Amino acid sequence: TIRKREGDTVEEHRVNGKLYKIVVTPENAPPYTLIDQRGDGVFVRPEAQGTPQLSVPMWVIGTF
């Protein structure tokens, strides 16, 4: 889902209806990403300034 909010563009990325990543592109600034790494609804910036962005796949293969 892509929305415009007060000059910012907000992209919401979902899998099976669950929000896992938000990309915010401010009108006059570089974009930034927020990721829900644990699936608990707490979004954090995955990278610090000057470090490359790394997203490690975290899928549940099976449960017992």
Side-chain angles (χ1 to χ4, degrees):
T1 305
I2 300 174
R3 296 181 285 140
K4 282 282 217 184
R5 180 187 282 177
E6 299 174 8
D8 298 343
T9 302
V10 179
E11 299 175 39
E12 296 179 347
H13 299 263
R14 298 174 185 269
V15 173
N16 294 328
K18 185 168 181 164
L19 183 63
Y20 73 94
K21 179 169 110 174
I22 301 171
V23 179
V24 179
T25 306
E27 191 171 325
N28 297 319
Y32 60 91
T33 304
L34 301 170
I35 296 179
D36 181 5
Q37 294 179 331
R38 293 188 223 150
D40 58 1
V42 176
F43 289 86
V44 295
R45 291 182 81 161
E47 72 279 342
Q49 288 289 57
T51 60
Q53 182 176 357
L54 176 64
S55 180
V56 179
M58 295 181 271
W59 295 294
V60 177
I61 295 180
T63 58
F64 298 92

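Since we're looking at a predicted model, the values are computed, not measured.
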For [X], check side chain to side chain donor-acceptor pair (under 3.5 Å) against everything at least two apart and list the hits.
{"X": "Arg5", "result": "none"}
{"X": "Glu12", "result": "Arg3, Arg14"}
{"X": "Thr9", "result": "Lys4"}

inquiry  = Can you tell me how far apart CD (Glu11) and OG1 (Thr1) are? Round to the nearest 0.5 Å.
reply    =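 Separation between the atoms: 10.0 Å.
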
Contact summary for Pro31 and Pro26, nearest pair of heavy atoms =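 Nearest heavy atoms, Pro31 then Pro26: CA-CD, 4.1 Å.
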
Linked hydrophobic residues, Val23 as query - side chain contacts closer than 4.5 Å =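 Direct or chained contacts put Val23 with none.
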
key: Set of side chain to side chain contact (heavy atoms under 4.5 Å, CB included) partners for Phe43, sequence neighbours left out   =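 Residues passing side chain to side chain contact (heavy atoms under 4.5 Å, CB included) with Phe43: Leu19, Ile22, Leu34, Asp36.
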
Set of side chain to side chain contact (heavy atoms under 4.5 Å, CB included) partners for Asn16, sequence neighbours left out =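 Residues passing side chain to side chain contact (heavy atoms under 4.5 Å, CB included) with Asn16: none at all.
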
